[in-house]
Amino acid sequence: MKAEQVLFSQGFGTRHECVGIIANGKFKANGELVTDPYEEIDTDNLTFEVDGKPWRFFEKAIILLNKPQHYECSLKPLHHPSVLSLLPPPLRVRGVQPIGRLDEDTTGLLLLTDDGKLNHRLTHPKKKVPKVYRVTTKHPITEKMIQQLLAGVKLDDSDEIVKAHECSLISEKVLDLTIFQGKYHQVKRMLAAVSNRVEALERIKFGKLDLPKDLPLGEWTWVDAPSEIY
């Protein structure tokens with residue numbers, strides 16, 4: 001791939017802007033300065049720098065963000081900033097979008113991608129990709145509540161029965177809850193259906209992917225391949 005195409009594909013501006021970055025000596029590929037915008041670059045395992053900042057080449061980007069509270073998973077947020085504002089401009093330019101949504105007050109593992117097929121694969125109900133939430137409740141969690149969640153509960157505005165796939169009690173008021181669906185406020189409404197209330201909610205796992213313990217709130221990291229997720 002030509003050098004200017006590398007930068008263009010990774011969201012570093014228009015083709016004209018990418019040519020300018022290279023011509024001005026601000027582009028390195030695998031540690032080597034490249035000044036010809038049309039030099040062929042091998043993109044396999046490519047790491048590059050733009051103006052001294054390192055970057056990795058991905059034909060399709062998959063991002064794991066540790067979402068903080070008070071951010072909306074929307075391209076057009078209404079009341080709070082978009083989670084996209086936490087990402088650097090190249091990722092926003094290339095059009096990454098959240099895979100599913102987390103409520104504005106829910107924290108934890110949020111995936112974003114510019115791969116439409118992957119987004120569909122991970123959000124389609126028939127694929128049954130598990131998501132694990134760590135739920136902190138207002139009242140103690142009883143065995144009866146756990147059995148109700150596993151058997152299925154009826155949400156407040158629907159006759160549909162929604163089940164937890166797994167429930168693991170962590171402490172008196174903390175539960176790890178696994179679900180396949182992604183309905184509006186689903187976890188909160190499920191706990192309300194068993195006469196409890198969610199005080200805090202964090203997604204800690206999506207498919208096979210765990211939230212990294214060393215990733216601070218508001219920070220992001222690359223996911224190398226879809227095989228890390230499912």
Side-chain angles (χ1 to χ4, degrees), residues 10-12 28 30-31 44-74 77 80-115 118-119 121-123 129-137 165-180 182 187-188 198-230:
Q10 302 301 289
F12 282 87
K28 288 184 178 180
N30 290 328
D44 286 346
N45 299 312
L46 173 64
T47 59
F48 62 93
E49 294 179 20
V50 176
D51 210 11
K53 295 180 181 179
W55 205 258
R56 294 175 63 188
F57 179 90
F58 286 98
E59 184 176 350
K60 295 293 185 180
I62 310 173
I63 302 301
L64 188 162
L65 173 71
N66 189 357
K67 178 191 171 296
Q69 288 186 328
H70 311 311
Y71 283 85
E72 294 183 27
C73 294
S74 172
H80 301 278
S82 169
V83 291
L84 296 176
S85 67
L86 297 169
L87 302 179
L91 290 175
R92 301 200 298 269
V93 169
R94 66 185 291 175
V96 299
Q97 297 185 19
I99 298 175
R101 295 193 175 193
L102 294 178
D103 300 335
E104 65 87 14
D105 58 348
T106 299
T107 63
L109 196 163
L110 178 67
L111 294 176
L112 304 99
T113 188
D114 58 356
D115 186 338
L118 177 64
N119 200 328
R121 165 68 176 79
L122 294 174
T123 54
V129 179
K131 277 82 71 175
V132 183
Y133 293 84
R134 180 148 292 171
V135 189
T136 302
T137 60
H165 179 61
E166 293 181 14
C167 292
S168 300
L169 190 64
I170 306 301
S171 65
E172 184 183 51
K173 295 183 180 180
V174 179
L175 175 77
D176 282 357
L177 181 72
T178 303
I179 59 175
F180 290 134
V187 175
K188 296 175 184 176
V198 173
E199 295 284 275
L201 190 59
E202 178 186 32
R203 185 155 68 191
I204 60 172
K205 193 176 182 76
F206 193 125
K208 299 189 299 183
L209 200 59
D210 292 299
L211 178 65
K213 296 185 184 301
D214 59 349
L215 186 66
L217 276 170
E219 297 296 322
W220 65 275
T221 187
W222 296 104
V223 177
D224 287 334
S227 59
E228 294 188 11
I229 309 169
Y230 65 89

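The shown structure was predicted, so the numbers you read here are calculated from the model rather than taken from an experiment.
- Considering CG of L112 and CZ of R92, their distance stands at 12.0 Å, rounded to 0.5 Å.
- In this structure N119 satisfies the side chain to side chain donor-acceptor pair (under 3.5 Å) test with no other residue, sequence neighbours excluded.
- Using a 4.5 Å cut-off on side-chain heavy atoms (C-beta onward), T136 and V198 make no contact.
- Panel note: side chain R134, backbone L201; no donor-acceptor pair is recorded below 3.5 Å.
- Within the 4.5 Å cutoff, no side-chain heavy atoms of T178 are placed close to those of C167.
- Residues forming a salt bridge (Lys or Arg N to Asp or Glu O under 4.0 Å) with R94 (at least two apart in sequence, or on another chain): D114.
- Taken to the nearest 0.5 Å, the NE2 atom of H80 stands 12.0 Å off from the SG atom of C73.
- Within the structure, the side chain to side chain donor-acceptor pair (under 3.5 Å) test picks out the following pairs touching residues 199-216 (sequence neighbours left out): Y133-R203, K205-D210.
- Expressed to the nearest 0.5 Å, how far OG of S227 lies from CD1 of I229 amounts to 8.5 Å.
- At a threshold of 4.5 Å between non-hydrogen side-chain atoms, the residues V83 and L110 count as touching.
- Side-chain atoms of S82 never come within 3.5 Å of backbone atoms of P77 as a donor-acceptor pair (strictly under, hydrogens ignored).
- With sequence neighbours left out, D115 forms a salt bridge (Lys or Arg N to Asp or Glu O under 4.0 Å) with no residue at all.
- Contact between L102 and G108 at its shortest, heavy atoms only, is CD1-O, 4.1 Å.
- Side-chain atoms of T113 and V223, non-hydrogen and from C-beta on, never get closer than 4.5 Å to each other.
- The minimum heavy-atom distance linking K131 with F206 is given by the pair CG-CD1, 3.9 Å.
- Contact check for L84 versus L86: no side-chain heavy atoms found under the 4.5 Å cut-off.
- Here the closest non-hydrogen pair linking L118 and P226 is CD1-CB, 4.0 Å.
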Sequence neighbours left out, cut at 3.5 Å: what donor-acceptor pairs do the side chains of residues 46-67 make with other protein atoms?
unit_1: T47; atom_1: OG1; unit_2: N30; atom_2: OD1; d: 3.4
unit_1: R56; atom_1: NH1; unit_2: D224; atom_2: OD1; d: 3.2
unit_1: R56; atom_1: NH2; unit_2: D224; atom_2: OD1; d: 2.7
unit_1: N66; atom_1: ND2; unit_2: L215; atom_2: O; d: 2.7
unit_1: K67; atom_1: NZ; unit_2: Y71; atom_2: O; d: 3.2
unit_1: K67; atom_1: NZ; unit_2: D103; atom_2: O; d: 3.1
unit_1: K67; atom_1: NZ; unit_2: E104; atom_2: O; d: 3.1
unit_1: K67; atom_1: NZ; unit_2: T106; atom_2: O; d: 2.7

| message | Could you walk me through whether V187 and L177 satisfy the side-chain contact (heavy atoms from CB on, under 4.5 Å) test, starting with their C-alpha distance in whole Å, then the side-chain angles of each, then the deciding distance to 0.1 Å, before giving a yes or no? | response | CA-CA 8 Å; V187 175; L177 181 72; 3.8 Å; yes
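- Side-chain contact between I170 and D176: present, with at least one pair of heavy atoms (C-beta onward) separated by less than 4.5 Å.
- Taking Q69 as the reference, D105, T107 meet the side-chain contact (heavy atoms from CB on, under 4.5 Å) condition, with sequence neighbours excluded.
- Taking 4.5 Å as the limit, every side-chain heavy atom of I179 sits out of range of all side-chain heavy atoms of P130.
- Using a 4.5 Å heavy-atom cutoff, the side chains of I99 and T123 are in contact.
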